[in-house]
Amino acid sequence: MSPEIVPREAVVESLREEFGEIAIPAYRFRRLFSRREQVFFDCEGEDPETCLDRVLRREDHALFTVFLVIREGGGLRVMAVSFPNIGKETLEHFIKRYHTQLKPSNIMGLEASGREYVRYLGCSYEE
């Protein structure tokens with residue numbers, strides 16, 4: 001496996017090292033994580049790089065999920081925000097669109113609800 005692709009447990013461990021006490025819904029994370037693409041994904045019996053490439057280019061994901069580290073009520077947690085894939089968009093395209101178009105309003109919405117955006121963790125998909 002490429003050093004760029006790690007098991008989700010490595011991400012959880014890294015978050016705990018970086019933030020200490022943080023609520024992490026690790027069950028929401030898929031089994032592998034690409035550090036380069038910042039994508040959680042699953043892969044069965046296939047080369048992870050090939051699998052990631054296929055996942056990024058598929059157009060039939062039902063939802064995209066963005067994972068954010070937020071501060072809420074004095075504590076830190078990982079929050080999952082889902083977006084329906086109504087336009088048969090690829091995950092690769094959604095990630096670019098999230099950062100350029102959706103992220104600013106997502107951060108404003110968090111702040112309006114009394115939460116503080118800390119950082120983007122990564123993205124995933126739902127079948």
| field | Residue from Glu126, Glu89, Arg97 passing side chain to side chain contact (heavy atoms under 4.5 Å, CB included) with Phe64 | value | Glu89
| request: Could you check Leu121 against Val11 for side-chain contact (heavy atoms from CB on, under 4.5 Å), going step by step and ending with a plain yes or no? | output: CA-CA 9 Å; Leu121 177 59; Val11 176; 4.2 Å; yes
| field | Test salt bridge (Lys or Arg N to Asp or Glu O under 4.0 Å) applied to Glu92 and Arg58, step by step | value | CA-CA 9 Å; Glu92 184 174 50; Arg58 276 183 50 193; over 6 Å; no
| request: Would you indicate whether the side-chain heavy atoms of Gln38 and Phe33 approach each other to under 4.5 Å? | output: yes
| said: Test side-chain contact (heavy atoms from CB on, under 4.5 Å) on Val78 and Ile22; report intermediate values, then the result. | reply: CA-CA 7 Å; Val78 173; Ile22 181 171; 4.1 Å; yes
| query | Tyr117 and Asn106: side-chain donor and acceptor closer than 3.5 Å? | reply | no
| message | Any salt bridge linking Glu44 with Arg31? Criterion: basic side-chain nitrogen under 4.0 Å from a carboxylate oxygen. | response | yes
| said: Could you go through Val81 and Thr65, starting from their C-alpha distance and side-chain angles, then the distance that decides it, and tell me whether this counts as side-chain contact (heavy atoms from CB on, under 4.5 Å)? | reply: CA-CA 5 Å; Val81 181; Thr65 304; over 6 Å; no
| side-chain contact (heavy atoms from CB on, under 4.5 Å) between Val118 and Leu68, worked out | CA-CA 7 Å; Val118 176; Leu68 307 171; over 6 Å; no
| Within 45° cone of Tyr125 ring axis and under 6.0 Å: Arg30 NZ or CZ | yes
| Do Arg115 and Glu72 meet the salt-bridge criterion of a basic N to acidic O distance under 4.0 Å? | yes
| Residues in salt bridge (Lys or Arg N to Asp or Glu O under 4.0 Å) with Glu46, at least two apart? | Arg54
| field | Heavy-atom side-chain contact between Ile95 and Glu37 under 4.5 Å | value | no
| field | Any donor-acceptor N/O pair, Ser124 side chain to Phe40 backbone, under 3.5 Å | value | yes
| request: Describe, in one word, how the ring planes of Phe83 and Phe94 are oriented to each other, choosing from parallel (under 30°), tilted (30 to 60°) and perpendicular (over 60°). | output: tilted
| Glu49/Arg36 salt bridge by N-O under 4.0 Å criterion | yes
